Engineer: 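Got a structure for you, written out below as structure tokens; questions coming shortly.
A quick note: this is a predicted structure, and the numbers were derived from the prediction, not measured.
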There are 2 protein chains.
Amino acid sequence: MSQHPFTRMGGMATPASSRRRPSPPTRDERKSRTRRALLDAALGRLSGDQSFSSLSLREVARDAGVVPAAFYRHFPSMETLGLTLVEESFATLRTLMRDVRAAEVPTSHLIRRSVDTFIQYVLDHQLHFRFIAKERYGGSSTMRTVIRQEIRLFTSELATDLARVPSLAAVGSADLQLLAGLVVQTIISAAELVLDARPDDGVELGRIADETERQLQMILLGGTRWRSDLARQAVDEVL
Amino acid sequence: MSQHPFTRMGGMATPASSRRRPSPPTRDERKSRTRRALLDAALGRLSGDQSFSSLSLREVARDAGVVPAAFYRHFPSMETLGLTLVEESFATLRTLMRDVRAAEVPTSHLIRRSVDTFIQYVLDHQLHFRFIAKERYGGSSTMRTVIRQEIRLFTSELATDLARVPSLAAVGSADLQLLAGLVVQTIISAAELVLDARPDDGVELGRIADETERQLQMILLGGTRWRSDLARQAVDEVL
């Protein structure tokens, strides 16, 4: 069992680099900071008991230190703010995972490298992930739909990558989507386990990484035996 | 693609058989009905926007047609009512799935039979499943813990069953738990898709059943290639 040196960022929404203190902020910088403050205010409230539907524009504005009217200079509505949170949760993640897959990593280490990178990403964005986990089946159908779409997009990108793996050549397009779906489900479960763990519990995080890696290997091994052209899969003979 | 004749029960919490009108109810029957009414009242409120943490004893009692003080004759607290809802969601499901696995079904049909049975169960208990989906990552840590435990119990029972499958003999105990975990994850995803579908959309439900069956086959095929005694799995050679 490996202990992984995951660094604890404490789930801060604002990256350290943006907390420098330079010369007095320009108007654009002030606007950008207020926009960020509004997003962080919403994330902060959502990390507890509140759901997005119950969040009021007034309390978010207040937490961000602006009057409600100022909110509208940044977002046309609370719903838009929520959608922005969803998008920013997924956009950087997709880029990150794409970078991992494109890197010069020996294939045998690719799964583990992806798992570790993903777990670190969750640790660095805990507030975002708690928000996503809650809203995935929460009261706002717009949020549920957008989150589902983002996950579907992530899955499709992965399916495209899997299509290039020689040993998965017998897996047709539709089945590649299902295989990718299994992978995405598994890393979503891993994210949930990471959120439940203590961020400084290296042993627990290492265990989650080990088990997630094994589950992904099981899924991909299954893919290598899959024959989309067969009416009945080999599993019937082996059960 | 198969169209499945899933019967739509409309997600009613109270089975039709308990709505008979016999002679005036006994005291025990009245008590039992009130208890049921309180559970259904909570389920009804939770199917919308409310989370369990925001539910008040007062409003649940009112919906059930009793005074708040009467609530305590049935449940010591709202938390106990919530835990009862979780338990009743899972208890009958475990029994049902056990029955499917024990039945005289040709192995080649076992996966599909289990999937169909499970989907029908979700359709018959939609309110319970919406409640579980929402509370799984909701604000009450007690609920989250209990739900997680129930899922773990379900997974362990399945792992025990998988241990009897000859072609999975090379999968060690710990890895059987991971394999079972993948299966449970997949059927949980299926439940979520079922909840999002229209209950009378036979084509969509059939599609969900088809895809879930295929994903379970992929997982089990992976299991048949798994060698727990190897330090490095065969997947490294095939990727």
Engineer: When heavy-atom pairs shorter than 4.5 Å are enumerated against chain B, which of Glu211(A), Arg148(A), Glu192(A) gives the highest number?
Structural biologist: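 Maximum pair count with chain B is reached by Glu192(A).
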
Engineer: Could you check Ile219(A), Leu220(A), Leu178(A) and say which one makes a side chain to side chain contact (heavy atoms under 4.5 Å, CB included) with Met218(B)?
Structural biologist: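 Considering Ile219(A), Leu220(A), Leu178(A), a side chain to side chain contact (heavy atoms under 4.5 Å, CB included) with Met218(B) is found only for Leu178(A).
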
Engineer: Do Leu182(A) and Leu182(B) make a side-chain contact, defined as non-hydrogen atoms from C-beta onward lying under 4.5 Å apart?
Structural biologist: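 Of all side-chain heavy-atom pairs linking Leu182(B) with Leu182(A), none is under 4.5 Å.
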
Engineer: Could you tell me whether Arg94(A) atom CZ has more than 12 heavy atoms of other residues or ligands within 6.0 Å of it?
Structural biologist: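 Result for CZ/Arg94(A): enclosed.
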
Engineer: Under 4.5 Å from any heavy atom of chain B, what part of Arg130(A) do you find: side chain, backbone, both or neither?
Structural biologist: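 Neither; nothing under 4.5 Å.
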
Engineer: What is the distance from atom CZ of Arg136(B) to atom NZ of Lys134(A), rounded to the nearest 0.5 Å?
Structural biologist: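 So the gap between those two atoms works out to 15.5 Å.
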
Engineer: Dump the intermediate steps for side chain to side chain contact (heavy atoms under 4.5 Å, CB included) on Gln185(A) and Ile188(B), then the final yes or no.
Structural biologist: CA-CA 10 Å; Gln185(A) 238 171 246; Ile188(B) 286 175; over 6 Å; no

Engineer: Quick one: what part of Asp196(B) sits under 4.5 Å from any heavy atom of chain A, side chain, backbone, both or neither?
Structural biologist: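 Contact with chain A: side chain only.
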
